[in-house]
Amino acid sequence: MTPIERHKQLDRIWNSGTGFQRLSAVNHPVVGRRFMAPALVFFVIGGLLAMLIRTQLASSESPFMEPGTYAQIFTMHGSIMMFLFAIPFFEGLAMYLLPKMLGARDMAFPRLSAYGYWCYVMGGSILIAALVLGVAPDAGWFMYTPLSSSTYSPGINADVWLLGVTFVEISALSAAVEMLVSILLLRAGGMSLDRMPIFAWYMLVVAGMMLVGFPPLILGSILLEAERAFDLPFFDPTRGGDPLLWQHLFWLFGHPEVYIIFLPAAGVLSTLIPVFSSTRLVGYRAIVAAIVAMGFLSFGLWVHHMFATGIPHLSLSFFSIASALVALPTAIQIFSWLATMATGRPRFSVPMLHVGGFFFIFVCGGLTGVMLAMVPFDLQAHDTHFVVAHLHYVLVGGFVFPMTAAAYYWLPHITGRQPVQHLSHAAFWTIFVGFNLTFLGMHLTGLLGMPRRSWAYQDPMWEVLNFVSSMGGFVTTIGYALLAMDLLMLVKFGRPFRRDPWKSGGLEWAMPTPPATYAFGAIPHLDARGDSLSPAELGPKLAAGEGYLATPRGELETLGVDPLSGKPSQVVILPHPSYLPLMTALATGGVFLSLLFKVYPMAIVSTVAVVTLFLFWTRGRQKPQMLDAGMGLTLPNHRAHPAPPSLWAMRFVVAADATAFASLLFGAGFLCISAPDWPPAIWPGPGWLTLLPAIPALVVLLAPKGIVPVIMQTAALAGFALVLARTQGMTEHAAAASLSAVAIYGGLHAALGILFAGYSHWRRGPDDVSISALWQRYAGIVAVTASGFPFILRLLATGVS
Amino acid sequence: MKDVTLLVSGFVIWSGAFLLIYALHATGCALGVRAEVLRALLILAFAVFVSAGFVPLWLAIRRRRGLLGQSAVIATVAALVATVLTFSTVLWLGLC
Amino acid sequence: MLLAGCEGDLSTLAPAGPVAQGMANLWWAMFWGALAIFLFMMALFLLLMFRPDMGRNTPAYRWIIWGGLVFPVPVLLLVTGVALWQGERALGGTAPDRIEAEAQMWFWRFSYPGTGMPDSIDVMHMPAGRDVEIVVTSPDVIHSFWIPRLGGKIDAIPGHANTIVLHADEPGEFGGVCAEYCGIGHIDMSFTAVAHADWPAEAQ
């Protein structure tokens, strides 16, 4: 077969179609690009909101917005930049790049990517629509209760945030599962974990962090929405709730979030700096250890946003020290990059210019970060413009500059054209000067006492500094306009090139650009680290079919490997384009909109629709069989393999779910210790009755396969329903609300258990059985815990009184 | 998978220490546990977690194979040092 | 110009009490240290970019060990240690003189139990030259009590009573604000702390 014939056959298999068929696209280059495009639109919207803020604050005479409008603007600026720009942008970049860097033809669950994309766009649209209609969230992007509770925010504004952002988070969680499975399983043959390109290591850690970081926020949002909609007083201090619980849940997500945003950008830097220094990355081992350290340490920082809430100093000290320690893995990475430059031969280019911008701004932001980690200083700087300046130095320096470098570096890959560089330098310097003009002086504004989120002020010294910041803001905006023009010119007028324009060593360049839908004509076998290859030689070989799965068979095939050694182990067959992701996302949107407008019967109908549609996803699967994988290997397809991608995905889903459950239990325990009026006068739980669901759950733990779990999970569900019915006064005290929430959580897991057990019993593929068994065991543990928890809580409550 | 387990095990212990010591302190203060008792409990937990940190370190050093194995040694050392530093304040700061 | 700029009524850099003084000292120490580190890092980056031969003879691991560990670890330990030692004085503690500050949307009500002084709105009377404990509460949403020239913030959280000990060296007036966003009246919650030589204060 000639390369051209192979291309034609593969393209016919992998192509997403034209016209309306585009709505069914699930292929990673398409979905990856689709994630990035709206993210940029949201970046522009967020930037324009920032301009409104700067206009408002330009002088003490200039306020033109009412405080209420101003509150919507600053709340939306933060929320958009965090949830609708930064996270989806790097998700899209990772989706586009990871398979190509790892030698796979697609991500592990293409339809899940597409579903995540639609959820993101729809959730984002809800938020933007609210902004246009003037009912946008207005309690600040961290939505502190009670300001965001129904008493003080009676309108729809806060519901828009809670539901819109949660809708978007679905895409973040599904992307996390998807990235973990894809990185661990879908790689080139021979690419062991320690041969992965460093970017994949970063994304592996980031995905793991997202898996654990997002559930607390999602849980918190659900609890707050339950308080607003159904009057369950989780955060109401007059009824045994505590506003501090929201802060813990929010920052338990919110601080790792900062590193979730920074690490992909650091991964970009670790990829680009060696290329532009014409060498390999120095300190690969140290960097792997550093990003693992960062992944963990970043979860021990959350209370440094809460130093002024009255928590004892000893507790604060743990968070303060961890916040200082997290500087070390950052320092190790920075010095690895410097060492890479020192051992190589740095060449100057536009991406390197932005890397330089990163160094300047991020080091500055890192240093003020260490300052803010110090409790006494933070008590002064907290909630002032010093923090605003710091966070912009960290996020713009640590994310936007590296991502701009990434855009210059990989846009040629997407478009097949090289930069023209007329405006590149002017754009960079305008942004760089404008940014520092905006935010450097703002540190002083904060130290002079200006609280953040002020909509007007009088102090003459603040006025000078704010005026400079506003001018800087406009210069920055001009810079970004120039950057946008420059990148558009690249797309429109760039010079076409052959392979590997930057002389990189990465697999993603071992293909024609723009890349074909199937990425690789054949999947390579590697015997060197994934960032020190020679794409110019490898590319033609792969196109000529030297590798695995080179003979098209009509299905979308990619190679699955052993996670650690990279030894080929299965042929993963991916789904064809499908409208199901769009339809399921629409149904999911129906759930969120019905909740938003409080049409609860409609929400139930939509939920049933979502579950039904998800069941349709499993139609038309392959039969388990052995396949010729090329290079003399015969491998099982994924359905015949004991550990297919779907089983791995379920493991990660269970991990995320367990985090949410642990957060719920932590929340109840926290209320018991910290909230006033505990324990309630009459303990709301139904006594020994709460143990009822544990009995069938224990049976499920012993026999998680076959028909047994169907029956036992039904019994557990009934048990939880009974417990819930007997739990008194859930709107009167947070204790009852928490116990009800725990029972509902257990009941939902039992219900899903019935669904999975029934499905696997009926379809009975080996993978269905093992996936269901995993869920049954987990749901069993949840049920046992949920049954025993009321006793622990009561014990604790008695101790506190 | 052993290399990966070793790579994260040190910091898993650090995380466990974080949750347990933080919870112990908050609960102890809320329950009004006597200062000497609470301090003793915190120091005990601190000592247990530091000692526990030596286990993956020892395993990682003994195993040290390949690139990932060496990363595991670095990460477990870092985690042990982090454990010592993060919670050393239970020895000298005021309690509640 | 810069020094004059630090003199504002709400400036953390014009401390008027020992707690705020300590915090300002910590800031200036960290500022000069950070500036030195920043300049060093920039010089290193520019040198490596434009004179790549400079670092060629240094083995790679030495860069990482020195830059990632040997240099930052002692610096971080020192700063954190000092800050914790200082925090031990800045947080917690009690004083015999108590003032109750209740934050409401959008004003402050101060009361002075045991002094016979009447409640005051948006003006907080306090003794000068000695420690005073302020109990901060809120009946509605979260606010934050902050007199920058005397010391750090403490949040007013419904359902909780937080305390902060402040100390004004001399009699005088100091600006105070609500630091936590609390709705559209957020910026209207500024108040004045008046430190009196005699206590309980007579003339009001």
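Naming: A, B, ... by sequence-line order, numbering from 1 per chain. Reckoned from all heavy atoms, side chains included, excluding hydrogens, waters and symmetry mates.
For chain A, the option among Gly67(C), Cys178(C), Ser190(C), Gly151(C) with the highest count of heavy-atom pairs below 4.5 Å is Gly67(C). Highest contact tally toward chain C, considering only Trp462(A), Trp455(A), Tyr70(A), is held by Trp455(A) [criterion: heavy-atom pairs under 4.5 Å]. Comparing Ala60(C), Gly68(C), Ser144(C) by how many heavy-atom pairs each has under 4.5 Å with chain A, the most go to Gly68(C). The most heavy-atom pairs under 4.5 Å with chain C, out of Ala324(A), Ala342(A), Ser320(A), Pro237(A), come from Ala342(A). Per-residue counts of heavy-atom pairs under 4.5 Å with chain C were compared for Pro676(A), Pro346(A), Pro451(A), Ala331(A); the largest is that of Pro346(A). For chain A, the option among Met105(C), Glu88(C), Arg149(C), Arg51(C) with the highest count of heavy-atom pairs below 4.5 Å is Glu88(C). Top candidate by heavy-atom pairs under 4.5 Å with chain A, chosen from Trp146(C), Phe50(C), Phe145(C), is Trp146(C). Of the residues considered (Gly449(A), Pro376(A), Ala71(A), Pro243(A)), Pro376(A) shows the highest number of contacts with chain C, using heavy-atom pairs under 4.5 Å. Ranked by heavy-atom pairs shorter than 4.5 Å toward chain A, the options Asp140(C), Leu35(C), Val79(C) are led by Asp140(C). Highest contact tally toward chain C, considering only Leu338(A), Val370(A), Asp459(A), is held by Leu338(A) [criterion: heavy-atom pairs under 4.5 Å]. Among Gly446(A), Gly140(A), Cys364(A), the residue making the largest number of heavy-atom pairs under 4.5 Å with chain C is Cys364(A).
If you measure heavy-atom distances from Val177(C) to chain A, the contacts under 4.5 Å come from the side chain alone. Only the side chain of Met42(C) comes within contact range of chain A, judged by heavy atoms closer than 4.5 Å. Heavy-atom distances place the side chain of Phe386(A), and not its backbone, under 4.5 Å from chain C. Of the two parts of Gln247(A), only the side chain, counted from C-beta on, holds a non-hydrogen atom closer than 4.5 Å to a non-hydrogen atom of chain C. Only the side chain of Leu26(C) comes within contact range of chain A, judged by heavy atoms closer than 4.5 Å. Contact annotation for Met30(C): both backbone and side-chain heavy atoms come within less than 4.5 Å of a heavy atom of chain A. Neither the backbone nor the side chain of Thr368(A) comes within less than 4.5 Å of any heavy atom in chain C. Neither the backbone nor the side chain of Pro59(C) comes within contact range of chain A; no heavy atoms are under 4.5 Å apart. Looking at Ala20(C), both its backbone and its side chain come within 4.5 Å of chain A, counting heavy atoms on both sides. Of the atoms belonging to Ala381(A), it is backbone heavy atoms, and not side-chain ones, that fall under 4.5 Å from chain C. Neither the backbone nor the side chain of Asp677(A) comes within contact range of chain C; no heavy atom of the residue lies under 4.5 Å from a heavy atom of that chain. If you measure heavy-atom distances from Val73(C) to chain A, the contacts under 4.5 Å come from both the backbone and the side chain. In this structure, the portions of Leu13(C) lying under 4.5 Å from any heavy atom of chain A include both its backbone and its side chain. Neither the backbone nor the side chain of Leu465(A) comes within less than 4.5 Å of any heavy atom in chain C. With a 4.5 Å cut-off on non-hydrogen atoms, Leu316(A) touches chain C through its side chain but not through its backbone.
What you find for Ala456(A) and Ile187(C) is that their closest heavy atoms are O-CD1, 3.6 Å. The two residues Asn162(C) and Gly310(A) have their closest heavy-atom pair at OD1-CA, 3.5 Å. Residues Phe142(A) and Glu180(C) share a closest heavy-atom pair of CE1-OE2, 4.1 Å. Closest of all the heavy-atom pairs between His313(A) and Gly87(C) is CE1-C, 3.4 Å. Nearest heavy atoms, His186(C) versus Arg453(A): CD2-O, 3.7 Å.
If you take CH2 on Trp337(A) and CZ on Phe45(C), they are separated by 11.0 Å, rounding to the nearest 0.5 Å. Considering CG of Leu44(C) and CE of Met341(A), their distance stands at 8.5 Å, rounded to 0.5 Å. Considering CE of Met374(A) and CH2 of Trp27(C), their distance stands at 13.5 Å, rounded to 0.5 Å. Put simply, CG on Leu314(A) and CG on Leu91(C) are 11.5 Å apart, with the number rounded to the nearest 0.5 Å. With values rounded to the nearest 0.5 angstrom, Ile64(C) atom CD1 is found 3.5 Å from Ser336(A) atom OG. In this structure, Thr309(A) OG1 and Ile154(C) CD1 are separated by 7.5 Å, a value rounded to the nearest 0.5 Å.
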Point to revise | Worked verdict on Tyr144(A) versus Tyr181(C) for ring pair (Phe, Tyr, Trp, His ring centres under 6.0 Å) | key: CA-CA 9 Å; Tyr144(A) 275 4; Tyr181(C) 183 70; over 10 Å; no
Practice item. Take Met41(C) and Ile334(A) through the side-chain contact (heavy atoms from CB on, under 4.5 Å) test and state the conclusion after the steps. Key: CA-CA 10 Å; Met41(C) 294 293 294; Ile334(A) 288 182; 3.5 Å; yes
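Between the side chain of Gln380(A) and the main chain of Pro148(C), a donor-acceptor pair closer than 3.5 Å is present. Without hydrogens or angle criteria, Lys153(C) side chain to Leu379(A) main chain gives a donor-acceptor distance under 3.5 Å. Using a distance-only test at 3.5 Å, with no hydrogens or angles considered, a donor-acceptor pair links the side chain of Thr12(C) to the main chain of Leu447(A).
Within 6.0 Å of CZ in Phe40(C) there are 12 or fewer heavy atoms belonging to other residues, nucleotides or ligands.
Screening Leu76(C), Leu77(C), Thr80(C) against Ile321(A) for a side chain to side chain contact (heavy atoms under 4.5 Å, CB included) leaves a single residue, Thr80(C).
Between Phe335(A) and Trp63(C), the ring-plane angle classifies as tilted under the 30° and 60° cut-offs.
Between Leu448(A) and Leu10(C), the closest side-chain pair of non-hydrogen atoms is not below 4.5 Å.
Proximity of the aromatic rings of Phe360(A) and Phe38(C) is defined here by a centroid distance below 6.0 angstrom, and this criterion is met.
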